[in-house]
Amino acid sequence: MNNENYIVQLEHITKEFPGGVVANKDISLGIRQGEIHSIAGENGAGKSTLMSILFGLYPQTSGTIKIKGKEVRFSSSGEAISMGLGMVHQHFMLIPKFTVTQNIILGMEPGNKLKIDYKKAVEEVRALSEQYGLNIDPEAKVSDISVPMQQRVEILKVLYRRAEVLIFDEPTAVLTPQEIDEFCGIMERLREQGKTIIFISHKLAEVMRVSDRISVIRLGRLIGTKDVKDTDERDLAMMMVGREIVLGGGEHQHAKEEKTLLELKDISYSEQKVGKLNHVNLGLRNEEILGIAGVDGNGQEQLVDIICGKLKPDSGSYTMLGEDMRGRTIREIKEKGLAVIFEDRHKDGLVLPYSVKQNLILGYQNRPRFLKNRIFINQKELDKNAEELKEQFDIRCGSLDAPASTLSGGNQQKIILARELSADPEVIMAVQPTRGLDLGAIEFVHKKLVEERNKGKGVLLFSLELDEILALADRIAIIFKGEIVKVVENKGVTKEQLGAYMLGIADEEVAQDA
């Protein structure tokens, strides 16, 4: 590898963990001074391991690292920081009760051992924040600021340590679409001011938007590096997965006879006298995917909880298959025909210490099929069910007795899909069903939702990803400040039009913009 403006060079890096697991195999790539270089690949491809080696968190098994042409071998992240590297992790490393400044200067406090010059530190942090357009209050307590602002604190912490190369590990996983736009702007400003960015991601739209060059890793190996102008999302997806990926789930069949499966009329709900839902009217038909689009925090959470029975509305009616669901328990609504794919699979979808096969009947364990003498779990049926669903939903696990916590995010989501869809529901409520998943898993989820829709089921899809809504939905309902402000057929509607409705812009203004 020649040295053309490379600030970082990785040469023949291999990382083998105990037990013979090879996370990286003979990877060589160079990062140019002042570029945004994306490392793309599916979850588990080896992206984060490679960057952890570069940042001194793991030693490589073999291969060399060069910084500005000088060979280095880091034994700690402190050594990497001293060479001008900084890493912003997916999970933040902040102390909530400390202020922004206290978190940033930790371990590098100005002053002497007897007295920290806190005033000077605040001034330095404020100056850095202004220089890079981060707009952070240096004296705010971390526990009082939003998730994207906490991420900016992590960036400032790295900049305070005079990093020239910034490594971002899946930084957009915790952000909404609007926050992602802001974050991409921050990366571009950092590049403009001479910083070098290594951006680890499996989200191809973001990778294509901000990168100068993109390196793709698959199963621990470097597949190739491309200039962004010489590639596209389809090409990158093929490199990442090894085959063509088709999102959107396939063709939608037309309903022979339309009927309403779920209907909400004038549903209102308040929390501590603050209105969360205001006269919501919504109807879901058979053989339909109805997408709910909106900026996060506009009442989606409360709407989901009312439909599944966690919350009771203050007023209005809610029927499913013609029956009144108000006052019904979560179990009763589920037994009537509602399946839910919750947003947080760890909190609401799975019991992580339970085995795969136990999770595959969770919530349905009292059905006669799974009971022996109406009391005990029928182990034979439990095993049979697990084997069948493992095959049908391609759940990849070493053993069906393994805890769900040991599986990848995509396979955990397959457990939930398998369990909920095998119960033969009439209505499927999918809430952020692909959040945090890689391309192959997203393709699988889309395919399954469209299959259910084509069987005559109704799918209510809550997603913050407008691309996903547009790829899957037959109709789209836009929620703004707790109201359904518009319902449109998904024919020729654009992201820009949906975005305008999501911000509360009236029909006339949307039409003018279009």
Side-chain angles (χ1 to χ4, degrees), residues 147 172-181 202-206 233 245-250 252 262 277 280 282 284 288-308 338-345 347-349 409-410 412-414 416-417 420-421 427-453 457-480 482 484-490 493-503:
V147 166
T172 62
V174 293
L175 304 180
T176 66
Q178 289 74 20
E179 292 162 355
I180 288 169
D181 287 341
H202 63 264
K203 295 185 176 181
L204 295 184
E206 296 162 22
E233 288 187 37
I245 290 287
V246 181
L247 300 180
H252 289 204
L262 180 148
L277 295 173
V280 169
L282 201 62
L284 174 68
E288 169 180 69
I289 297 177
L290 176 59
I292 309 295
V295 177
D296 199 16
N298 273 268
Q300 296 98 315
E301 182 183 349
Q302 290 77 17
L303 190 55
V304 166
D305 286 349
I306 283 171
I307 291 169
C308 73
L338 176 70
V340 185
I341 302 160
F342 283 107
E343 176 178 4
D344 190 335
R345 54 184 166 270
K347 176 170 164 279
D348 297 306
Q412 289 177 352
Q413 194 73 330
K414 285 179 181 180
I416 297 168
L417 279 169
E420 297 301 321
L421 301 185
V427 175
I428 298 130
M429 183 163 64
V431 188
Q432 306 286 13
T434 62
R435 191 168 223 176
L437 302 185
D438 57 40
L439 277 174
I442 291 170
E443 179 189 46
F444 184 88
V445 172
H446 284 187
K447 180 170 174 281
K448 286 299 179 185
L449 292 179
V450 171
E451 280 178 4
E452 292 300 311
R453 174 225 178 271
K457 311 301 174 69
V459 180
L460 196 56
L461 172 67
F462 289 78
S463 179
L464 296 175
E465 303 283 351
L466 287 185
D467 286 329
E468 181 164 70
I469 294 269
L470 287 166
L472 289 174
D474 298 287
R475 289 188 303 143
I476 303 167
I478 297 93
I479 189 167
F480 175 69
I484 300 296
V485 294
K486 190 76 176 174
V487 179
V488 295
E489 295 287 336
N490 188 8
V493 66
T494 66
K495 277 201 286 189
E496 289 72 24
Q497 288 169 323
L498 291 178
Y501 289 126
M502 285 161 61
L503 294 172

State which residues pass side-chain contact (heavy atoms from CB on, under 4.5 Å) with K447; sequence neighbours excluded, sorted by chain then number. E451
Give the minimum heavy-atom separation between V340 and C308, together with the two atoms involved. CG2-CB, 4.0 Å
Do T494 side-chain atoms and Q497 backbone N/O form a donor-acceptor pair below 3.5 Å? yes
What I want to find out is whether R435 reaches D344 closely enough, with some N-O distance under 4.0 Å, to be called a salt bridge. no
So how far is it from E179 CD to L464 CG, rounded to the nearest 0.5 Å? 9.5 Å
Taking atom types as modelled and ignoring hydrogens, do the side chains of E465 and T434 form a donor-acceptor contact shorter than 3.5 angstrom? no
CD-CD1 distance between Q300 and I292, expressed to the nearest 0.5 angstrom: 8.5 Å
Rounded to the nearest 0.5 Å, what separation is found between the NZ atom of K457 and the CD1 atom of I289? 13.0 Å
Can you tell if the side chain of L282 reaches within under 4.5 Å of the side chain of L290, non-hydrogen atoms only? yes
Any side-chain heavy-atom pair of L470 and I476 under 4.5 Å: yes
Calculate, to the nearest 0.5 Å, the distance between atoms CE and CD1 belonging to M429 and I307 respectively. 5.0 Å
Side chain to side chain contact (heavy atoms under 4.5 Å, CB included) assessment of L247 paired with L439: CA-CA 8 Å; L247 300 180; L439 277 174; 4.3 Å; yes
Identify, with sequence neighbours excluded, every residue that meets side-chain contact (heavy atoms from CB on, under 4.5 Å) alongside V487. R475, A477, I484
Under 3.5 Å, side chain of N298 to main-chain N/O of I479, donor-acceptor pair present? no
For the residue pair L466 and M502, establish whether any side-chain heavy-atom pair is separated by less than 4.5 Å. yes
How far does CD1 of I442 sit from CG of D467, to the nearest 0.5 angstrom? 10.5 Å
Test your reading of the model: is there a side-chain donor-acceptor pair from Q413 to the backbone of P433, 3.5 Å cut-off? yes
More than 12 foreign heavy atoms under 6.0 Å from CD of E233: is that the case here? yes
Given K448, which of V459, L421, I428 fulfils the side-chain contact (heavy atoms from CB on, under 4.5 Å) condition? L421
Can you name the closest pair of heavy atoms from G410 and A441 and give their distance? CA-CB, 4.0 Å
Correct closest heavy-atom pair for G291 and I469 would be CA-CD1, 3.9 Å
Which is it for L437 and F444 under the side chain to side chain contact (heavy atoms under 4.5 Å, CB included) test, yes or no, and what are the steps along the way? CA-CA 10 Å; L437 302 185; F444 184 88; over 6 Å; no
side-chain hydrogen bond (donor to acceptor under 3.5 Å, both in side chains) filter on H252, not counting sequence neighbours, yields R453, D474
For the pair K203 and I180, evaluate side chain to side chain contact (heavy atoms under 4.5 Å, CB included) and give the outcome as yes or no after the intermediate values. CA-CA 11 Å; K203 295 185 176 181; I180 288 169; 4.3 Å; yes
Given side chains that start at C-beta, do those of K486 and L498 come closer than 4.5 Å, heavy atoms only? no
Check whether Q432 reaches the backbone of I341 with its side chain - one donor and one acceptor, N or O, closer than 3.5 Å. no
Would you name the heavy atoms of Y501 and F480 that are closest together and state the gap between them? O-CB, 4.1 Å
Note: E468 and S463 closest approach over all heavy atoms is OE1-OG, 2.8 Å
Can you check whether G248's main-chain N or O pairs, donor with acceptor, with H446's side chain at less than 3.5 Å? yes
Using atom types as modelled and distance alone, determine if a side-chain donor or acceptor of E288 lies under 3.5 Å from a backbone N or O of G458. no
